[in-house]
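The chains referred to below are lettered A, B, ... by the order of the sequence lines, with proteins before strands, and numbering in each begins at 1. Only a predicted model underlies this, so the values are computations on that prediction, with no experimental measurement involved.
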2 protein chains.
Amino acid sequence: MATIRDVAKHAGVSVATVSRYLNGKGYVGADTAQAVQRAITDLNYEMNAVARSLTTKQSNLIGLILPDITNPFFPELARAVEDVALTYGYTVVLCNSDENPEKEKNYIETLQKKYVAGFIVTSSQHNRDVYMELKKPMVALDRPIDASIPCVISNNRQGLKDSTRSLIQSGCKELLFVEGPNHIQSASERKQGFEEAMAEVQHVKEHHIQANFHFDESYEKVKAYLTAHPEVDGIATSSDVAALGAIRACTELGLAIPQDIQIIGFDGIQLGEMLSPPLSTVRQDIYKLGAMAARILIKQIEKEPLESLYYEVPVELVHRGTTRS
Amino acid sequence: MATIRDVAKHAGVSVATVSRYLNGKGYVGADTAQAVQRAITDLNYEMNAVARSLTTKQSNLIGLILPDITNPFFPELARAVEDVALTYGYTVVLCNSDENPEKEKNYIETLQKKYVAGFIVTSSQHNRDVYMELKKPMVALDRPIDASIPCVISNNRQGLKDSTRSLIQSGCKELLFVEGPNHIQSASERKQGFEEAMAEVQHVKEHHIQANFHFDESYEKVKAYLTAHPEVDGIATSSDVAALGAIRACTELGLAIPQDIQIIGFDGIQLGEMLSPPLSTVRQDIYKLGAMAARILIKQIEKEPLESLYYEVPVELVHRGTTRS
DNA sequence: GTGAAAGCGCTAACAG
DNA sequence: CTGTTAGCGCTTTCAC
């Protein structure tokens, strides 16, 4: 591994000059530049990232903190982040937090010791303080942390409003809403959307249950509820995985989808399309969410100005096989 | 941020002593140790990982190179790797290669400049040379790279043999096998398993098609094939996602699963259980695969001896809703 | 324009 | 057992 000193010697200049050339700052004469470049290619020189970080106190690492990559919503997000990070020369460190504040804090500290360039975080507000004190570029993804921290998020309220309305329009009279965990802002916004849509109509009965974003809980609670309330003829959920649970519950109860009961999810995970019948849902542009977050983070890292602190990406109702209209 | 020098001063010792204490190597007197520890807690000292890397030429970064985190097989793998990496104090960098040798090479170089500790790689043999030259600890995950590189893998052959046999036992007479891309060794082993099972019986007809591990291609090819060969009464696939495609094809053709046609996948992705009906499959212990790979890599990094270069993890046939037996 | 030199924070001989 | 010292490879004043 050639060092900057080898290059300098080979080119007959000083290391300072090579450094300047490498970083494109400060003056370097045209002929000198030539010589340096030649030396670099001759020696097949590659800069040592660690040494550089030590002096600049800055690396090109990006910390991606999310609850659990195993939740089908996140892989696409992570992929998007990684893709744009790569094109800008950054590298992403994967951190599964399990929504555990301690784990998040740990990762943050570990990465700070590595002079991480910034963070992209999907976390609830339980950990706001940690992030507020963090003197690093960062962006909140899918869930706001604090109004002062740039945030990229879907229009959750509108999405659930749309899905609820569409269920109503296609004739549902007894609507069950499977809420998410309301301490997560995105989830409570979705709930709000549901309620707004319900407020617009008179003769539709509202049913509620709460479940986390997991299959099992959703399945069990929906099944129990439907057993007690067989009049329900439409289900809107706060996540696609919850919708899968609802589908299972309905199937086991012998309900035909969408004839007897309609179901519409939320998220737009890729697996929704692979189902038979495919899942009707409110699709978030998950990839875009991740890509924007990465782009915005990198802007901050590179000291470019941000247009806004709040980026909302639109959401799209997609009717597939589990709804009638 | 306190440095080692601050600690030394505060404790009234030299930096070398502090360093020794920190690393637990070399002698440090009991009382000195006390003083150093006090200084550390007093100053809230945290070691600078970059400076350390610069001298030791070693970091605690692990590169995880896989085709695409968006493929449902990988998130669980990544999670497992991350979990064990964390418990051993390592940090994982996520690299999506798209099976592109250039991208892999790039990541490898980028990470080497950071003194990465080692690599966990899911790659085909197209890139064997790159890895053979790589003087770093590494382990091949899910796909062997070279006999000299430690490898963690499922018993693919046995798995497909089991699934095929079970289809035969439950009465299938016209079996379609949806192959994966055979340049991937795991895929060709699965094919071999299928053929071995078929060789055991007389009056079962064999059908083949090839598809990659993606939904769309599988769906289209299966649909076309079934249209031309309606006699097929059982489908074994080389991946769960391919099975999803097959399910869609059957559904659209009005075939009842598992009454008219049985389907069995391979992988054991979590979404298989969330389907209605849930997918029968050959379950790999994906988490274990990832966890073992990480453990084995770390052993190498920490110069512990390896028992073997080949770790095969068993596979389990699970009958759920898409098969009759 | 270019070079000399002083670090960045830590480790690792080598003395003592 | 402990301290001195010379780097690791690069950036960055500050002179020339």
Rounding to an integer number of Å, can you tell me how far B/R5 CZ sits from D/dT4 C1'? 12 Å

Members of residues 40-62 of chain B that approach DNA chain D, where some heavy atom sits under 4.0 Å away: B/L54, B/T55, B/K57

Identify, with sequence neighbours excluded, every residue that meets side chain to side chain donor-acceptor pair (under 3.5 Å) alongside A/E82. B/Y107

Side chains of residues 4-13 of chain A: which donor-acceptor partners sit under 3.5 Å, not counting sequence neighbours?
from	atom 1	to	atom 2	distance (Å)
A/D6	OD2	A/T3	N	2.8
A/H10	NE2	A/D42	OD2	3.2

Among A/V36, A/I40, A/T17, A/V28, which one satisfies side-chain contact (heavy atoms from CB on, under 4.5 Å) with A/L22? A/I40

Residue pair A/R143 / A/C151: nearest heavy atoms and the distance that separates them: C-SG, 4.4 Å

Find the bend of the helix from C/dG1-D/dC16 to C/dG16-D/dC1 as the angle between its two terminal axes (five pairs each), to the nearest 10°. 40°

All heavy atoms of A/A78 vs all of A/I69, minimum pair found to be CB-CD1, 3.8 Å

Test item: B/D98 side-chain N/O and B/N100 main-chain N/O as donor-acceptor pair under 3.5 Å: no

I'd like to know if the side chain of A/T122 reaches the main chain of A/L141, judged simply by a donor and an acceptor atom lying under 3.5 Å from each other, with no hydrogens or angles considered. yes

Identify the heavy atoms of A/E189 and A/N156 that sit nearest to each other, and give their distance. OE1-ND2, 3.4 Å

What is the distance from CG of B/N23 to C1' of C/dA13, rounded to the nearest Å? 15 Å

Could you tell me whether the side chains of B/S123 and B/E104 share a donor-acceptor contact shorter than 3.5 Å? yes

Polar atom pairs between nucleotides 1-4 of chain C and protein, under 3.5 Å, N or O only, would you list them?
from	atom 1	to	atom 2	distance (Å)
C/dT2	OP1	A/T32	OG1	2.2
C/dT2	OP2	A/G29	N	2.3
C/dT2	OP2	A/T32	OG1	3.2
C/dG3	OP2	A/S14	N	2.9
C/dG3	OP2	A/S14	OG	3.2
C/dG3	OP2	A/T17	OG1	2.6
C/dG3	N7	A/R20	NH2	2.8
C/dG3	O6	A/R20	NH2	2.6

If you look at every strand shown and take non-hydrogen atoms under 4.0 Å, does B/T3 touch a base, only sugar-phosphate, or nothing? sugar-phosphate

Contacts table for residues 84-96 of chain B: side-chain donor-acceptor under 3.5 angstrom, sequence neighbours left out:
from	atom 1	to	atom 2	distance (Å)
B/T87	OG1	B/V84	O	3.1
B/Y88	OH	B/R295	NE	2.7
B/Y90	OH	B/E302	OE2	2.9

Whole Å only: how far is the CG atom of B/D6 from the C1' atom of C/dC8? 13 Å

Take the protein atom NZ of B/K25 and the nucleotide atom C1' of D/dC1, then report the distance between them rounded to whole Å. 18 Å

Can you measure A/I4 atom CD1 to D/dG7 atom C1' for me and round it to whole angstrom units? 16 Å

Starting from P on D/dG7, measure out to CE on A/M1 and report it in whole angstrom. 22 Å

Between atom OH in B/Y115 and atom C1' in C/dT11, what is the gap in whole Å? 13 Å

Atom-to-atom span, CG of B/L22 to P of C/dC10 - whole angstrom: 8 Å

Closer than 3.5 angstrom, by distance alone: can the side chain of A/S53 be matched with the main-chain N or O of A/A49 as a donor-acceptor pair? yes

